[in-house]
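What follows is a set of notes on a single structure, which appears directly below.
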Amino acid sequence: MLLHLSDLHFGTEKKPCLDAIRLFCQQNSIEAVVVSGDLTQRARFSQFLACKQFLQSLNLPYLVVPGNHDIPLYHVWKRIFYPFTFYEGFFGPTEQILATENFYLIGLNSIRRRHHTKGEISLAQIERMNKVLKKAPKDALKLVVVHQPFYTPSKAHGWKDCPKQAKIALERWADMGLFGLLHGHLHHTGMYNLTQLFGLKTVQPIWDIHAGTATSWRLRKHQPNSFNTISERGEVIHYYFHDQDNMFYPLTNAELKTLHSL
Ligand SMILES: [Fe+2]
């Protein structure tokens, strides 16, 4: 099973959520952890350090990608010339691959110093990903991890932060056996069929899987802290945090429907 966390926003983290995630990892058989960006609130050294210490404390292989909060916002000089210095210092290159027994996880960096929140991917990245997907093991569940979603229901957020090259990318990757994309950014839980939404020429659904913020008190529209699990067969379960007893619980279908209507 894969644990999909997002938007940890260290600097605004809630200790009870961190503790609950550690406990969840101890009590469940988890193969790897993914964090789909926004590891920190303001890309500070101390925030990256705290994030790294937390991820190491889980004692599991993990893959992270940067979010828009992981490059400096106010320090213009650093933002222009050294946007990823702290990120790379703690976590290495911004695009990495993690292969486990059942999963093939590919990190894609959608963060650009000239944008505040909008995601962007280049044609070169799309082609590179294409080559990686071609070589990926056939029997592993293949997932691309990228901070900004490729689709959002307009009533919740609109399309303004989605990479505008999303359709080109999906058309290119449609026949590569990709199971889905893991995102954060909106602090909103959801799952959408990109094959249907973009009219892709493939029978297999490609899923856009959104995780909320797992640990930050910066919650959007009353959505609780949350994370996802994905089984090796592709079953996705959304969990959310109960403040009453400081635990994450799986969402029932009725609860999921209510959250989507917020
Ligand atoms: Fe973000």
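Predicted model only: the values in this text are computed from it and were never measured. Both ligands and their constituent atoms are indexed starting at 1 by order of listing.
- Among I21, N28, V34, N228, the single residue meeting the side chain to side chain contact (heavy atoms under 4.5 Å, CB included) criterion with L3 is I21.
- Between L23 and M247, some side-chain heavy-atom pair lies under the 4.5 Å cut-off.
- Between E95 and R128, at least one side-chain N (NZ, or NE/NH1/NH2) sits under 4.0 Å from a carboxylate O, which counts as a salt bridge.
- Inside a sphere of radius 2.8 Å centred on the Fe ion (ligand 1), the protein N/O/S atoms present are D38 OD2, N68 OD1, H147 NE2, H185 ND1.
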Intermediate values then yes/no, side chain to side chain donor-acceptor pair (under 3.5 Å), H147 and H185: CA-CA 6 Å; H147 184 57; H185 190 56; 3.0 Å; yes
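- A salt bridge links K167 with E171; the closest basic N to acidic carboxylate O contact falls under 4.0 Å.
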Side chain to side chain donor-acceptor pair (under 3.5 Å) between N68 and T117, intermediate numbers included: CA-CA 6 Å; N68 52 301; T117 60; 5.5 Å; no
